[in-house]
Amino acid sequence: MLRIYQRLYDCHGPQHWWPGDGPFEIMVGAVLTQNTAWSNVERAIGNLKAAGVLAPRALATMPAARLARLLKPAGYFNVKTRRLQNFCRWYGEQGGYESLKHWPTRRLRHALLSVNGVGHETADDMLLYAFERPVFVIDAYTRRLFSRLGLADGDLAYDALRGMVEAALEAELSRGGRGGRPPGRRRLVSLYNEYHALIVAHGKDVCRPRPRCADCCLADLCPAGTVDQP
DNA sequence: ACCCAGGGTCATA
DNA sequence: TATGACCATGGG
């Protein structure tokens, strides 16, 4: 797993995720980017900023019709209006970031998942990128990549796949580190952060749904027959 | 014209 | 548990 990471890093370079000004903006982005290109999300966030409503209270209480207009460029604007307001109401009820940041990761994930509109990936985006918890985010790109490399069954349940990847990376870091010592939290957070960003960059670049990985920088690691030949 | 994007929910069997 | 329909804009 670490070998794959190194290859992706050498191939695509540092990615500097997550674009967003502070934890709350990151969480808003996590909801808006559901099945949506990030460039479209940036426009919607720009609209929210320009309107001066990029804050939990303002988003939670503003008229849905107005919010929907601002979210239009992000697509699914009616669905996302409902989801974002659900989330912001919950966020305010729990006392905001200053309160939530003290919660243990398991409890925080469970609570996030209880919000209608926040699923596994969105919750884990928030946990990793906003709360800096050591959580490996699984998305469609990740499934596709590890599946094509023959490292994981592509249709494993979300938490099963996440647990597998986390366990593998922790084990490899322990073996690599002096004295077989387990990796620290900050080390894991920065690795998971950059790894997920690299997988997305790689997915956008060459590792598309239709396999045409002829000049993919991981092509030599794929089992024969899983990628198109040049 | 077609494919795809940093998913999730709900109804149905 | 496991499918399928649905949501909607914008870039290549």
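We name chains A, B, ... by the order of the sequence lines, and we start the count at 1 in each one. On a predicted model such as this, the values are computed, not experimentally measured, just so you know.
Contacts of A:Trp103 classified as ring-ring contact (aromatic ring centres under 6.0 Å, His included), with partners at least two apart in sequence or in another chain: none. Here A:Tyr192 pairs with A:Phe136 under the ring-ring contact (aromatic ring centres under 6.0 Å, His included) rule; sequence neighbours left out. Partners of A:Asp159 by side-chain hydrogen bond (donor to acceptor under 3.5 Å, both in side chains), not counting sequence neighbours, listed by chain and number: A:Arg162. Every residue meeting the side-chain hydrogen bond (donor to acceptor under 3.5 Å, both in side chains) condition with A:Asp220, not counting sequence neighbours, appears here in chain and number order: A:Arg7. Residues passing the side-chain hydrogen bond (donor to acceptor under 3.5 Å, both in side chains) test with A:Tyr76, sequence neighbours excluded: A:Asn35. Looking at residues two or more places apart in sequence or on another chain, you find a side-chain hydrogen bond (donor to acceptor under 3.5 Å, both in side chains) between A:Arg109 and A:Asp124.
Look at A:Arg144 and you won't find any side-chain N or O under 4.0 angstrom from OP1 or OP2 of B:dC4.
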Please tabulate, one pair per line, each protein N/O and nucleotide N/O from nucleotides 11-13 of chain B that are separated by under 3.5 Å, including the distance.
none

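Comment: A:Lys49 engages A:Glu25 in a salt bridge, judged by a side-chain N to carboxylate O separation of less than 4.0 angstrom.
A single hydrophobic cluster is not seen to contain both A:Met27 and A:Val79; linkage of ILVMFWY side chains at heavy-atom distances under 4.5 Å, directly or through other members, places them apart. A:Val31 and A:Leu113 are members of different hydrophobic clusters when ILVMFWY side chains are connected at heavy-atom separations under 4.5 Å.
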Dot-bracket for DNA chain B, please. Rules: Watson-Crick or G-U, both distances under 3.5 Å, ( ) within the strand, [ ] when a pair crosses earlier ones, | for another strand, . otherwise. .||||.|||||||
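Checking each of A:Thr61, A:Leu59, A:Leu67 against A:Gln85 for a side-chain contact (heavy atoms from CB on, under 4.5 Å) leaves exactly one that passes, namely A:Leu67.
To the nearest 0.5 Å, atom CG of residue A:Leu169 and atom CE of residue A:Met164 are 9.5 Å apart. Taking CG from A:Leu112 and CZ from A:Arg107, the interatomic distance works out to 11.5 Å, rounded to the nearest 0.5 Å.
A:His196 is listed as a side-chain neighbour of A:Asp125, based on a closest heavy-atom distance under 4.5 Å. Between A:Leu54 and A:Asp21 there is no side-chain heavy-atom pair separated by less than 4.5 Å.
Taking 4.0 Å as the cutoff to heavy atoms of chain A, we find the contact window on DNA chain C bounded by C:dC7 to C:dG11.
Using a 4.0 Å cut-off on heavy atoms, the residues of residues 37-51 of chain A that approach DNA chain C are A:Asn40, A:Arg43, listed by number. Heavy-atom distances under 4.0 Å link DNA chain B to A:Val115, A:Asn116, A:Gly117, A:Val118, A:Gly119, A:His120, A:Glu121, A:Thr122 of residues 111-138 of chain A, given in residue order. Of all the residues in residues 75-94 of chain A, A:Arg83 reach under 4.0 Å from DNA chain B with at least one non-hydrogen atom.
A:Asp139 and A:Thr142 share a side-chain donor-acceptor pair at under 3.5 Å.
Going from atom CG of A:Asn35 over to atom P of B:dG7 covers 6 Å, rounded to whole Å.
Here the closest heavy-atom approach between residue A:Val118 and residue A:Ala123 is recorded as CG1-N, 3.7 Å.
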List the steps and the verdict of side chain to side chain contact (heavy atoms under 4.5 Å, CB included) for A:Leu100 and A:Trp90. CA-CA 11 Å; A:Leu100 293 170; A:Trp90 170 85; 3.8 Å; yes
